[in-house]
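Scroll down for the structure; my scribbles are underneath it.
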Amino acid sequence: MSDYDPMAVEARWQARWDRAGLFRVDDCDPDRKQYYCLEMLPYPSGKLHMGHVRNYAIGDAVARFHRMQGEQVLHVIGWDSFGLPAENAAIQKGEAPRRWTLENIATMRSQLQRLGLGYDWNREIATCLPEYYRWNQWFFLRMLEKGIAYRTSRPLNWCDSCNTVLANEQVVSGRCWRCDSPVARRQFEQWFLKITDYAQELLDNLNGLESWPEKVRSMQQNWIGRSEGAEVAFAVDGSDLKIRVFTTRIDTIYGATYLALAAEHPDIPELIRDVAERKAVQAFLDEQLARNLEDRFADTAEKQGVFTGRYAVNPFSGEKVPIWIGNFVLTDVGSGAIMSVPAHDERDFAFARKYGLTIRPVVRPVDGEPLDPATMEGAFSDYGIACTSGRFDGLHTEAAGEVMGRHAEEHGFGKRTVTYRLKDWGISRQRYWGTPIPVIHCPDCGPVGVPDDQLPVLLPEEIEFSGEGGSPLARVPSFVETSCPSCQGPARRDTDTMDTFVDSCWYYFRYLDPRNGDQPFDWEQARSWFPVDLYIGGVEHATMHLIYTRFWTMMMRDLGLVDIDEPVLRLFTQGMVNKDGFKMSKSRGNVVDPDDLIERYGADTIRLFSLFAAPPDRGLDWNEAGVEGCHRFLTRLARTVGRVASHLPASGTPEPMGECNGDTLLLRRKTHQTIARVTFNLGPRMHLNIPVSAIMELVNTATPLLKRLGGGDDGSGLPWALRECFETVALLLTPFAPHFAEDIWERLGNRRFISDAAWPVARQDLMEEDEVTVVVQVNGKLRARLTVAAGVDREVALAAAREDEGVARYLDGKQLRKVIFVPDKLLNLVVG
RNA sequence: GCGAAAGUGGCGGAAUUGGUAGACGCGCCGGCCUUAGGAGCCGGUGGGGUAACCCGUGGGGGUUCGAGUCCCCCCUUUCGCACCA
């Protein structure tokens, strides 16, 4: 055990790295390739968890690998330090959010440092500091000028538990993404960012993100949800109101036998003002609007609706159709109103059957009977031939859409259009611990942006938290009361703060220029590092952070701040860390604590196991016995190196001249094959579990040869080959267990940091086998393995196979019909 | 319901993408060392069979000289989306 004391080893090397400023990156070096390795920055919740450890172990392995390959690597960390937990801690324990947050950062920073991650700590940022968030405000003002930021009132998702509104992305099956409580709808005056202006570009660019996981791309594609169709206005009978509906099937409009509106539709009050049905409608609305999103739109919810008593006119046919309100109509989709075509849409069909509404087929199957509404069991939603559709009869309906859309445009009651599921990003939050929105509301001038020279709008420190009654900032008169920048009259500050996803939109640009006081960052400093080469994080951010940050980059480009369209070249989503098949959670009591583990095994063992136990993109089940296996490997290796170091030729001894042979050759071959295998799997493939096992294999190959050391130079070259082998092991292990690698590197007599050493290069001449195993199959079944010289031709191999008893037995008395020969690999004899 | 991914020993997982299935690690079995060991070292370990051999990558078909890998159907699991007009 005395051969390996992780605590001492790790402390020592961390101190030396730090003193040498090993991971510091100053100016960009024009002679080297720049590699930007980025991991999603953590929220400082208190302590590191195993998910962090895995994320950062992956990133550090890749970063160190690229460094050793001679690239200039930027590897940085920071803190996503605005957010609800800090505020909740203030409410529950009376601790100031700022203090609570900074203490957590201090704790977690030291945990990260104990892991020996190669970060440039000089570039560390925390988003909750005014030096950072002032630029959030600056960006907001620029967007306000360009009309990207705007204010409007809209029904929004409200989380009672977080006491704030949520963006659509932050609602997961009707529940809050953060606290999992049900989400309700409420009407709010809010600041929005016009992300929808970028919807098409966000969608189009997905094709170019070839090194992003297919899964994330398709999630974003679905999230953006482009759909092509037409907007048609239905005039309300006996009123000036027009109801706009969006449809992707304008070809079925002659079959529209009623309209259905979402309960939130803004025209409903006007529609029902004077009708006899008013009471019933209002009761229905009250009931609908009181329910939260989750069960209102749950799959199981039965279709329900109520007739408004009003009729609309189908602009194509002139037919009067009833206007209903339906619980299946989504307010966020299209215009919140649909034309219902029961014959050709399943939902409309179910609704029509339930309420006895007309079902009128207007599409005939291409080769089939016309539909009979009396006997139909479901909607016919395929394309076909138009019928009962006036002048459009006989058209194929796929083409009819185009024609009918044009017809609507020509007659001024509709137009062909594209809609997106993606909605503008509501960023106002009724919370304290976030970036204050830099706007002053003036009774005369309206909302006015705070002038740049008055930034940052600082978050007041003296604050009382009750957890009730809306935004805490609204109760701080010294914050609220101010004067209008435009007319100097008395005015009030906006008391909302920004969604914390704003913070994470651009933090990795700030890393390049973290102390710039004049602008968010200087693109001239930053440009050669962009786009980010590799971005590692959890897949849970696929439709939130990763869409917002892409949008932000485009917005910055349009502001002239950057000249890239997409921020991230390659995205890698790591899998979750589980225990006993379950997600680690306090309630389940299966949380493992990184500090405990580091104390027991050392950071290197923890890092090694995190990477060894599963491919990084898959789930990882934390398994104590497996950790011990990794620890055992390191201990054994340390002991071996300690024992043999003095028997090896001095470090730097030149390679012996002449051919090597026997075990020496085998060892050198294995060494170089391992270099190739580790390099390939660490770099392009990022299968980080393979390199670890390859290194273990190499050690297993070398160990039995050690007993032949100590007899002086026997002319075999073996001692030199062993030095090469162990130095290679140390080098290859550096990305995985860096302190350990430094330590054995030093014990092998090297003076400079292994972290600064060059990555080994596999020598082709040494990798090649001179003897190979050729598998002999007879009719596809394995019958023999022959050891032959590499490169033998078909005839030689065949002759050797015929001589083999195990093969000959199967050839006896049969006719050889065909011979398949894969050089150096396989010989398949087909007999019959 | 729709979409995607995955299914390989007792377990985590390999297989350089159509050519020796089970690398590496865990666990287990045997041996050595030891007063003792939850330490260390050596050996074994997919299943069946005394053996020659046979069977084996969720199930069933297919393509091929040859399939864990390719094609079709089905089952299971996980993850996304879920009335998107």
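Being a predicted model, the structure only gives us computed values, none of them experimental. Residue numbers start from 1 in every chain, and the chains themselves are labelled A, B, ... in the order their sequence lines are given, proteins ahead of strands.
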Take atom NZ in A/Lys814; do more than 12 heavy atoms of anything else shown fall under 6.0 Å from it?
no

Name the closest nucleotide to the A/Ser693 side chain, picking from B/G12, B/C24, B/G13.
B/C24

Can you identify which nucleotide, out of B/A85, B/C83, B/C26, has its nearest atom closest to the A/Asn623 side chain?
B/C26

Between B/C53, B/A23, B/G27, which nucleotide gets closest to the side-chain atoms of A/Ala625?
B/G27

For B/U17, decide between syn and anti, treating a glycosidic angle within 90° of 0 as syn.
syn

Among B/G25, B/A14, B/C83, which nucleotide has an atom closest to any side-chain atom of A/Asn689?
B/A14

Going by heavy atoms in the side chains, are A/Gln777 and A/Leu827 under 4.5 Å from each other?
no

Please list each protein N or O that sits under 3.5 Å from an N or O in nucleotides 41-47 of chain B, with the distance.
unit_1 : atom_1 : unit_2   : atom_2 : d
B/C41  : OP1    : A/Arg636 : NE     : 3.4

Flag this pair as yes if the NZ/CZ of A/Lys303 is under 6.0 angstrom from the six-membered ring centre of A/Phe351 and inside a 45 degree cone about the axis; otherwise no.
no

Looking at A/Arg669 and A/Glu768, is any side-chain nitrogen of the basic one under 4.0 Å from a carboxylate oxygen of the acidic one?
no

NA contact type, A/Lys303, heavy-atom cut-off 4.0 Å: base, sugar-phosphate, or nothing?
base

Pairing partner of B/G7 (Watson-Crick or G-U wobble, both distances under 3.5 Å)
B/C75

Does this structure show an ion pair linking A/Glu805 with A/Arg783, if we count only N-O contacts that are shorter than 4.0 Å?
no

So, are A/Glu228 and A/Arg416 salt-bridged, with charged N and O less than 4.0 Å apart?
no

If you check every side-chain atom of A/Arg809, which of B/A23, B/G13, B/A52 has the closest atom?
B/A52

Regarding the side chain of A/Arg783, the nearest nucleotide among B/C53, B/G13, B/A21 is B/C53

Can you figure out which of B/C53, B/C81, B/A85 approaches the side chain of A/Arg421 most closely?
B/C81

Under 4.0 Å, heavy atoms only, any strand: does A/Asn700 hit a base, just the sugar-phosphate, or nothing?
sugar-phosphate

Take nucleotides 29-34 of chain B nucleotide by nucleotide from the 5' end and write B, S or -, depending on whether a protein heavy atom sits under 4.0 Å from the base, only from the sugar-phosphate, or from neither.
------

If we call it a pair only when both distances are under 3.5 Å in a Watson-Crick or G-U wobble match, what pairs with B/A85?
none

Establish, yes or no, whether a centroid distance under 6.0 Å links the rings of A/Phe234 and A/Phe413.
no

Candidate nucleotides B/U17, B/A21, B/C24, ranked by approach to the side chain of A/Leu782 - the nearest
B/A21

Of the listed nucleotides (B/C83, B/G13, B/C53), which one gets closest to any side-chain atom of A/Phe328?
B/C83

Quick check on B/G9: syn or anti? Syn means the glycosidic torsion is within 90 degrees of zero.
syn

A correct 5'-to-3' footprint of nucleotides 61-69 of chain B, with B, S and - meaning base, sugar-phosphate only and no protein heavy atom under 4.0 Å, is ----BS---

